[in-house]
Amino acid sequence: MPEERKESLDFVRSIVVDDLKNDKHGGAVVTRFPPEPNGYLHIGHAKAICIDFGIAAEFNGNCHLRMDDTNPTKEDLEYEDSIKQDVSWLGWKWSDNKVYYASDYYEQLYQYAVELIKRGKAYVCDLSQDDLKEHRGSLTEAGLESPYRSRSIEDNLDLFERMRRGEFPDGSKTLRAKIDMNSPNIHMRDPAIYRIRHTSHHRTGDTWCIYPMYDFAHCLSDSIEGITHSICTLEFEIHRPLYDWFLDALECKCHPQQIEFARLNLSYTVMSKRKLLELVKSGLVNGWDDPRMPTICGLRRRGYTPAAIRKFCDIIGVTKYNSLTDIALLEHCVREDLNKTAPRIMAVMNPLKVVIENFPEGQVEELEGVINPEDPEMGSRKLPFTRELYIDRNDFMEEPPKKFFRLAPGREVRLRWGYFILCKEVIKNADGEIIELRCTYDPETRGGSAPDGRKVKGTIHWVSASHSIKGEARIYDRLFSVEIPGVDKDVDWKDQLNPDSLAIKPVYLEPSIDGVKPGYTCQFERQGYYCLDPDSTPEKPVFNLTVSLKDTWAKIQQKE
RNA sequence: UACCCCGUGGUGUAAUGGUAGCACAAGUGGUUUUGGUCCAUUUAGUCUAGGUUCGACUCCUGGCGGGGUAGCCA
């Protein structure tokens with residue numbers, strides 16, 4: 001599963017190698033991927049997943065998939081299921097085929113909290129949320145000690161137990177760690193470790209009405225599971241002293257090392273759960289799996305492959321530098337993968353009728369097209385050739401400019417896998433619009449080469465008008481029209497959505513695609529990679545644009 | 001304003017005191033039955049000022065710039 005590693009190691013892997021060398025954890029490497037089931041996974045999570053699972057795989061270790069479900073008010077089974085699906089779709093297997101849950105440790109965590117109280121390192125605090133905020137101080141000012149800080153161990157034990165029994169209403173009490181209200185690190189100023197929530201949890205039901213906070217639950221969950229390297233993103237850096245404090249205060253045998261890396265930022269999209277949720281809720285996109293979304297399920301529906309995503313995660317690297325990765329890099333990865341694997345088909349998006357005057361009416365000739373020139377093993381498919389064809393309007397110009405190599409009056413081009421055709425006449429309607437081309441074909445050029453050795457500069461795609469299957473193409477572009485949506489605080493990031501992120505067009509497809517299933521990915525020759533959408537019906541296939549082919553002709557046109 | 005972290009071509013990354021390299025993007029040329037792919041090639045970089053050293057992207061100090069942190073969220 002893990003791809004081959006480059007010789008130079010990123011800083012996380014260097015730490016792991018050093019630890020292995022120094023026998024720090026007895027040769028073990030155990031990592032974990034700990035999502036909170038309160039949203040769908042996105043490409044940024046894919047980076048974390050590839051680091052967590054990738055490192056475990058490379059060093060013969062294990063990676064636990066652990067639901068960090070300590071806040072019943074936000075979490076849901078729907079999210080949990082999608083997380084499992086996405087992780088395994090990406091190609092990773094969690095160790096022991098078992099999903100871990102922070103909620104499975106609630107009793108142990110409670111006992112740890114009791115122990116903390118017994119050691120005089122935690123106390124029950126009656127301060128309200130507002131009072132707590134007052135006491136916390138600010139970034140520049142020290143905090144104030146709570147008046148409840150000096151309660152006796154006996155009182156604390158009693159009160160904490162009654163918190164658990166449900167004697168107190170939400171928000172009336174918290175259990176706090178007794179650390180240092182003067183610490184320059186606000187997270188060390190007697191942080192709350194348990195709060196009262198009379199809310200049922202999607203896994204533990206109504207068993208609990210007090211729930212542990214992240215800082216307390218996370219380090220201990222890691223310790224309980226024997227995690228060696230607890231890899232997370234940069235915003236937790238400032239929490240690390242707390243992470244270590246709990247494990248030291250409780251003298252835990254297993255003390256994992258927290259290592260932080262920079263999360264992924266991608267241009268022309270957003271990555272925060274809040275913004276993604278807002279897009280879905282406001283109907284600005286069509287659900288979590290809208291192919292424009294950077295979610296794993298969105299990318300999957302768009303036609304991205306696990307291999308492409310893993311390659312991307314591999315080449316972006318792992319550092320502590322807050323960077324912005326160009327989405328073109330992601331697009332490059334999927335092109336590279338699909339170029340090698342995707343079958344080619346011909347599909348005409350803006351049909352222009354071509355009548356081959358010297359080809360008999362009613363006759364059907366079967367031609368053969370290579371399925372993938374990059375992989376001859378894939379064989380070939382049949383292409384019906386008839387008197388009436390469709391070509392793309394963009395492949396014809398009545399008055400072609402210098403560098404235009406395609407069809408024009410009096411010009412000859414090659415029909416891909418077919419014949420050379422020569423344009424004899426342009427037919428227009430009363431409004432002067434071109435509605436048809438009259439051409440002749442050279443029967444000697446079957447398959448696309450001329451026995452007399454004459455060359456043509458252009459090759460264009462086509463379909464038989466009578467055999468083509470009419471479908472729908474959903475042509476996607478970047479979700480936002482600015483590199484970093486919301487970076488300018490004066491404008492609403494939702495106003496920066498790209499109005500052209502989706503265009504729907506009819507498309508005439510070569511008949512060989514008949515019967516393919518949703519998820520089927522192919523290349524529309526000379527255009528881009530497309531993936532069959534689940535919205536398809538037997539009558540009307542719907543194809544999503546994954547990514548277009550590079551288009552140097554478009555570049556030439558742009559220059560002029 | 002306090003504390004913590006981070007600054008290498010346009011972008012993302014390597015070089016772990018010893019030739020600043022790779023990929024993407026951009027440009028040029030070649031091959032081509034996809035204006036795709038492929039091949040060749042060009043442009044372009046160590047934030048800054050000192051210090052240590054035979055030698056600094058790397059170590060030290062100051063400055064500048066960017067990010068994070070004041071949920072009973074994770």
Side-chain angles (χ1 to χ4, degrees), chain A residues 6-11 14 34-36 38-39 68-71 73-75 102 125 127-129 132-133 136-143 170-176 183-189 191-197 210-211 213-215 217-218 232-241 260 262 267 273 315-333 335-336 339-340 344 346 369-370 373-374 403-406 414-418 447-449 455-461 483 523-528 548-556:
Chain A
K6 32 196 187 264
E7 317 80 48
S8 67
L9 297 175
D10 58 66
F11 82 99
S14 302
E36 182 187 17
N38 71 343
D68 217 346
D69 53 350
T70 56
N71 185 351
T73 63
K74 293 194 174 176
E75 295 146 9
C125 182
L127 250 25
S128 71
Q129 204 163 154
L132 201 65
K133 199 175 172 180
R136 186 158 35 228
S138 74
L139 292 175
T140 48
E141 295 160 302
D170 286 6
S172 60
K173 284 180 168 46
T174 54
L175 182 70
R176 291 224 263 161
S183 173
N185 181 345
I186 289 183
H187 296 279
M188 298 300 274
R189 318 236 261 233
I193 57 183
Y194 265 91
R195 75 290 217 187
I196 302 171
R197 286 274 180 285
I210 57 170
Y211 293 93
M213 299 286 293
Y214 166 84
D215 287 306
H218 200 84
C232 62
T233 44
L234 246 31
E235 68 270 25
F236 293 103
E237 200 161 32
I238 202 159
H239 293 244
R240 190 176 352 120
E260 312 86 11
S267 59
K273 276 187 184 177
I315 64 178
I316 56 175
V318 185
T319 67
K320 297 183 77 133
Y321 177 67
N322 258 302
S323 59
L324 177 68
T325 299
D326 192 342
I327 199 165
L329 196 54
L330 215 209
E331 294 171 344
H332 161 78
C333 289
R335 277 195 195 100
E336 187 182 47
N339 176 50
K340 284 178 285 189
R344 272 58 167 169
M346 291 196 284
V370 169
E374 301 294 315
K403 290 176 182 161
F404 188 81
F405 304 144
R406 281 108 95 146
R414 172 168 38 233
L415 294 180
R416 180 78 156 151
W417 308 123
S449 53
K455 302 283 185 206
V456 289
K457 192 81 173 145
T459 301
I460 64 174
H461 59 280
E483 266 201 320
Q523 182 195 104
F524 288 5
E525 283 213 68
R526 307 207 298 135
Q527 302 179 79
S548 65
L549 255 31
K550 286 205 216 160
D551 190 349
T552 49
W553 170 237
K555 274 183 193 167
I556 292 168

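Lettering follows sequence order; numbering is per chain, from 1.
- Residue A/S138 is in base contact, counting any heavy-atom pair closer than 4.0 Å across all strands shown.
- Here the shortest heavy-atom pairing between A/Q527 and A/H461 reads NE2-NE2, 3.3 Å.
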Atom pairs under 3.5 Å, N or O on each side, protein against nucleotides 72-74 of chain B: can you list them with distances?
from, atom 1, to, atom 2, distance (Å)
B/C72, OP1, A/R136, NH1, 3.3
B/C72, OP2, A/R136, NH1, 3.2
B/C72, O2', A/R197, NH2, 3.0
B/C72, N3, A/G171, O, 3.3
B/C72, N4, A/L127, O, 3.0
B/C72, N4, A/Q129, N, 3.3
B/C72, N4, A/G171, O, 2.8
B/C73, OP1, A/R197, NH2, 2.8
B/C73, OP2, A/R195, NE, 2.9
B/C73, OP2, A/R195, NH2, 2.8
B/C73, OP2, A/R197, NH2, 3.4
B/C73, O3', A/R195, NH2, 3.0
B/C73, O2', A/N71, ND2, 3.0
B/A74, OP1, A/T70, OG1, 2.8
B/A74, OP1, A/R195, NH1, 3.3
B/A74, OP1, A/R195, NH2, 2.9
B/A74, OP2, A/Y214, N, 2.9
B/A74, O4', A/E36, OE1, 3.4
B/A74, O3', A/D68, OD2, 3.1
B/A74, N6, A/H239, NE2, 3.2

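- Residue A/D69 comes nearest to A/A102 through the heavy atom pair OD1-N, 3.3 Å, listed as atom of the first residue, atom of the second, then distance.
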Please tabulate, one pair per line, each protein N/O and nucleotide N/O from nucleotides 16-19 of chain B that are separated by under 3.5 Å, including the distance.
from, atom 1, to, atom 2, distance (Å)
B/U16, O4, A/S14, OG, 3.4

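- Phosphate contact (OP1/OP2 of B/U34, side-chain N/O of A/R344, threshold under 4.0 Å): absent.
- Here the closest heavy-atom approach between residue A/Y211 and residue A/R197 is recorded as CE1-O, 3.3 Å.
- Closest heavy-atom contact between A/E36 and A/D68: CG-O, 3.5 Å.
- Using atom P as the reference point in both B/C24 and B/U19, the two lie 25 Å apart (nearest Å).
- Regarding A/K320, its NZ atom lies at a distance of 18 Å from the P atom of B/G12, rounded to whole Å.
- Among the atoms of the strands shown, none is found under 4.0 Å from any heavy atom of A/F524.
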Show me the protein contacts with nucleotides 27-30 of chain B, counting only N or O atoms at under 3.5 Å.
from, atom 1, to, atom 2, distance (Å)
B/G27, OP2, A/K555, NZ, 3.4
B/U28, OP1, A/K559, NZ, 3.2

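- Within the nucleic acid shown, A/Q523 comes within 4.0 Å of at least one base atom, counting heavy atoms only.
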- Message: Reading 5' to 3' and counting Watson-Crick or G-U wobble pairs with both distances under 3.5 Å, write the dot-bracket notation for RNA chain B, | for bases paired outside the strand.
- Response: .((((((..((((....[..)))).(((((.......)))))....(((((..]....))))))))))).....
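- At the heavy-atom level, A/L139 lies under 4.0 Å from base atoms of the strands shown.
- For B/U37, the base has no donor-acceptor partner in the side chain of A/R335 [N/O atoms by modelled type, under 3.5 angstrom].
- For the C1' atom pair drawn from B/U1 and B/U53, the interatomic distance equals 38 Å after rounding to whole Å.
- Within 4.0 Å (heavy atoms only), A/R406 reaches at least one base atom of the nucleic acid.
- Here A/R414 pairs with A/F420, A/V456, A/T459 under the side-chain contact (heavy atoms from CB on, under 4.5 Å) rule; sequence neighbours left out.
- A donor-acceptor pair shorter than 3.5 Å cannot be found between the side chains of A/S183 and A/N185.
- The same atom, C1', is picked in B/U41 and in B/A74; the two are 50 Å apart, to the nearest Å.
- The line from CZ of A/R195 to CG of A/L175 is 12.0 Å long, rounded to the nearest 0.5 Å.
- The side chain of A/K550 places an N or O atom within less than 4.0 Å of a non-bridging phosphate oxygen (OP1 or OP2) of B/A25.
- Between the NZ atom of A/K457 and the P atom of B/U34 there is a distance of 12 Å, given to the nearest Å.
- Atom CZ of A/R189 and atom P of B/C3 are 12 Å apart (whole Å).
- Here the separation of B/C64 from B/C22, taken at their P atoms, is 36 Å to the nearest Å.
- Separating the P atom of B/G63 from that of B/A2 is a span of 11 Å, rounded to the nearest Å.
- Nucleotides B/A56 and B/G17 place their C1' atoms 7 Å apart, quoted to the nearest Å.
- The side chain of A/E237 approaches B/C4 more closely than any other nucleotide in the set B/U1, B/G35, B/C4.
- Contact annotation: A/T552 reaches the phosphate of B/G36 (side-chain N/O to OP1 or OP2, under 4.0 Å).
- Within the nucleic acid shown, A/L549 comes within 4.0 Å of at least one base atom, counting heavy atoms only.
- A donor-acceptor contact under 3.5 Å is formed by the side chain of A/E374 with the base of B/G36.
- A/E331 places its CD atom 16 Å from the P atom of B/G12, with the value rounded to the nearest Å.
- Spacing between B/U43 and B/A49 at atom P, rounded to whole Å, works out to 25 Å.
- Annotation: side-chain contact (heavy atoms from CB on, under 4.5 Å) contacts of A/T319 (sequence neighbours excluded): A/Y321.
- Here A/W553 and A/F405 keep their ring centres 6.0 angstrom or further from each other.
- Taking a centre distance below 5.5 Å and an interplanar angle below 30 degrees as the stacking criterion, A/Y321 does not stack against the six-membered base ring of B/G7.
- Taking atom C1' on both nucleotides, B/C59 is separated from B/G66 by 23 Å, rounded to a whole Å.
- Using a 4.0 Å heavy-atom distance criterion, A/I556 is classed as a base contact.
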